[in-house]
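Numbered from 1 within each chain, the chains take letters A, B, ... in sequence-line order.
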2 protein chains.
Amino acid sequence: MTVSRSATAGGAKARKEAGETATGEGAALQMGELSELLGYVLKRAQLRVFEDFLRCVAPLQLTPAQFSVLLLLDRNPGRNQTEIASTLGILRPNFVAMLDGLESRDLCTRTRSANDRRSHNLVLTDKGKAVLARAKRLVATKHEARLNELLGPESRATLLSMLTRIAREF
Amino acid sequence: MTVSRSATAGGAKARKEAGETATGEGAALQMGELSELLGYVLKRAQLRVFEDFLRCVAPLQLTPAQFSVLLLLDRNPGRNQTEIASTLGILRPNFVAMLDGLESRDLCTRTRSANDRRSHNLVLTDKGKAVLARAKRLVATKHEARLNELLGPESRATLLSMLTRIAREF
DNA sequence: TATTGTTATACTCTATAACTATA
DNA sequence: TATAGTTATAGAGTATAACAATA
């Protein structure tokens with residue numbers, strides 16, 4: 001029930017060539033208040049950015065969510081599933097299959113904790129670290145570089161700080 | 001495979017009180033490069049904004065996507081499903097059930113076009129117009145008002161224009 | 001032959017309840 | 001009893017193929 005991929009103007013091609021003079025009939029639709037709705041524009045921008053992320057990191061077959069998990073494991077080795085998942089806003093049940101995927105690709109490991117045998121210590125494997133390093137490079141040189149090109153470094157910083165405020169304080 | 005609802009620091013509560021001195025063990029996780037990843041912050045901000053939108057418009061039971069359809073129908077009466085859906089980035093097959101929902105609530109009508117009996121002319125009903133008017137009021141006075149309060153009008157405009165650039169040109 | 005609306009279908013993401021093994 | 005990981009399941013959202021009616 002939301003927005004999806006492509007869509008800028010749409011249709012208006014199958015308009016009768018007997019079109020009604022100059023009233024603008026058959027033209028692109030009026031977006032109206034939609035282009036002023038922050039939520040709408042935010043959603044479209046987010047879809048574009050994720051789309052580009054996927055394209056840039058395609059050689060490594062990593063989704064944005066998987067990349068975020070690898071980043072977090074690298075910075076916080078030995079944490080358990082509940083901690084990693086909740087930090088990323090992923091529900092524990094949904095994190096299981098996600099970890100299964102990463103572990104089966106030998107990017108990270110689960111090992112039962114000695115202190116508390118209920119929980120798993122999560123750590124990146126050497127391969128996981130290597131893949132993460134390559135992913136970071138692709139993100140920096142292709143993905144974020146394109147954004148910097150579009151916005152410029154100052155605007156990009158401004159955008160980031162405003163979005164961070166919304167994510168934290170709104 | 002993405003971010004979801006709440007999550008700011010997470011866990012770190014079930015830490016042994018035999019905690020490891022002052023090394024920061026048991027503390028909140030390090031977000032690392034994540035807080036600099038535009039896509040990540042963008043996604044979180046978008047989720048927050050949609051969440052607030054739903055809350056503000058809850059009395060009218062409208063999702064952001066439904067609201068965007070009503071807005072578009074109001075500005076572009078008589079257009080067909082393909083045109084409305086594609087403008088919003090909704091795939092035609094998925095737009096069917098969505099319209100069914102709006103039509104069954106008597107917010108809009110489908111009527112076979114006289115020119116091309118394959119297509120449906122979509123228009124808001126009087127009730128649809130009334131609901132849209134009330135929704136616009138709630139969005140303006142509660143939702144967007146909160147955003148203005150957080151960012152201030154100038155920053156909000158800046159943010160909107162940067163997001164629009166990304167949505168259009170990225 | 002092409003297009004509109006539609007159905008069927010599948011895959012991903014998100015969400016909740018409940019189980020097991022540990023604590 | 002409470003918590004960690006897990007399973008099962010259900011619901012949105014998104015995607016593609018194909019069909020009937022119409023052009």
Side-chain angles (χ1 to χ4, degrees), chain A residues 1-7 10-18 43-44 46-47 50-51 54 63-66 68-69 78-103 108-122, chain B residues 1-7 10-18 43-44 46-47 50-51 54 61-66 68-69 78-86 88-101 103 108-122:
Chain A
M1 286 287 196
T2 328
V3 197
S4 67
R5 356 104 296 164
S6 70
K13 178 175 51 176
R15 226 67 212 187
K16 306 196 102 68
E17 49 279 81
K43 175 81 177 184
R44 306 248 26 161
Q46 185 263 311
L47 289 171
F50 267 43
E51 200 180 324
L54 280 172
T63 65
Q66 289 173 323
S68 70
V69 171
R79 296 294 190 144
N80 67 30
Q81 298 180 197
T82 299
E83 289 171 320
I84 300 293
S86 92
T87 299
L88 292 173
I90 300 171
L91 294 172
R92 278 65 78 221
N94 298 332
F95 193 54
V96 174
M98 193 171 172
L99 255 196
D100 288 347
L102 295 175
E103 200 179 20
C108 69
T109 61
R110 297 185 240 223
T111 48
R112 298 218 90 89
S113 166
N115 309 331
D116 185 341
R117 294 182 35 76
R118 289 172 301 181
S119 65
H120 294 162
N121 290 338
L122 304 178
Chain B
M1 287 289 196
T2 328
V3 198
S4 66
R5 356 104 297 163
S6 69
K13 178 174 50 177
R15 226 69 214 186
K16 308 193 101 69
E17 48 280 81
K43 176 82 178 185
R44 307 257 3 176
Q46 185 262 310
L47 288 171
F50 266 45
E51 200 180 324
L54 280 173
Q61 286 286 94
L62 286 181
T63 65
Q66 290 173 321
S68 69
V69 171
R79 295 295 190 144
N80 67 30
Q81 295 181 199
T82 299
E83 289 171 320
I84 299 293
S86 92
L88 291 174
I90 301 171
L91 294 171
R92 277 65 76 223
N94 299 332
F95 192 54
V96 174
M98 193 172 172
L99 254 196
D100 288 348
E103 200 180 19
C108 69
T109 61
R110 299 184 238 224
T111 48
R112 298 218 91 88
S113 165
N115 311 328
D116 185 342
R117 293 181 37 77
R118 289 172 302 182
S119 66
H120 293 162
N121 290 338
L122 303 179

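- The nearest heavy atom of DNA chain D to B/Asn94 and to B/Arg112 marks one nucleotide each, and the one closer to the 5' end goes with B/Asn94.
- Residue B/Val96 has its side chain nearest to C/dT6 when only C/dT6, C/dT22, D/dA23 are considered.
- Checking side-chain atoms of B/Glu103 against main-chain N and O of B/Arg110 turns up a donor-acceptor pair under 3.5 Å.
- The CG-C1' distance, from A/Asn121 to D/dA4, rounds to 12 Å in whole Å.
- Counting only heavy atoms from C-beta outward, the side chains of A/Leu54 and A/Pro64 approach each other to under 4.5 Å.
- Here D/dG5 is the nucleotide among D/dG5, D/dA15, C/dT6 with the atom lying nearest to any side-chain atom of A/Thr82.
- Summarising the geometry, the separation between CD on B/Gln81 and C1' on D/dA21 is reported as 14 Å, rounded to the nearest angstrom.
- A/Leu88 has its CG atom 15 Å from the C1' atom of C/dT14, to the nearest Å.
- Computed from coordinates, the B/Ile90 CD1 to D/dA15 P distance equals 11 Å when rounded to whole Å.
- Spacing between atom CG of B/Asp116 and atom P of C/dT3 amounts to 12 Å, rounded to whole angstrom units.
- Comparing C/dT4, C/dA17, D/dA15 against the side chain of A/Pro93 picks out C/dA17 as the nearest.
- Summarising the geometry, the separation between NE2 on B/His120 and P on D/dA23 is reported as 12 Å, rounded to the nearest angstrom.
- Between A/Arg117 atom CZ and C/dA21 atom P there is a gap of 12 Å when expressed in whole angstrom units.
- Judged purely by atom type and a 3.5 angstrom limit, B/Arg92 has no side-chain atom pairing as donor or acceptor with the backbone of B/Glu83.
- Residue A/Asn80 has its side chain nearest to D/dG5 when only C/dG5, D/dT16, D/dG5 are considered.
- In this structure, CG of A/Leu99 is placed 7 Å from P of D/dT6, rounded to the nearest angstrom.
- Smallest separation of non-hydrogen atoms from A/Met98 and A/Ile90: SD-CD1, 3.9 Å.
- The side chain of B/Arg118 sits closest to D/dA23 out of D/dA23, C/dT6, C/dA15.
- For the side chain to side chain contact (heavy atoms under 4.5 Å, CB included) with A/Leu122, the lone residue among A/Val69, A/Asn80, A/Thr109, A/Leu99 that qualifies is A/Leu99.
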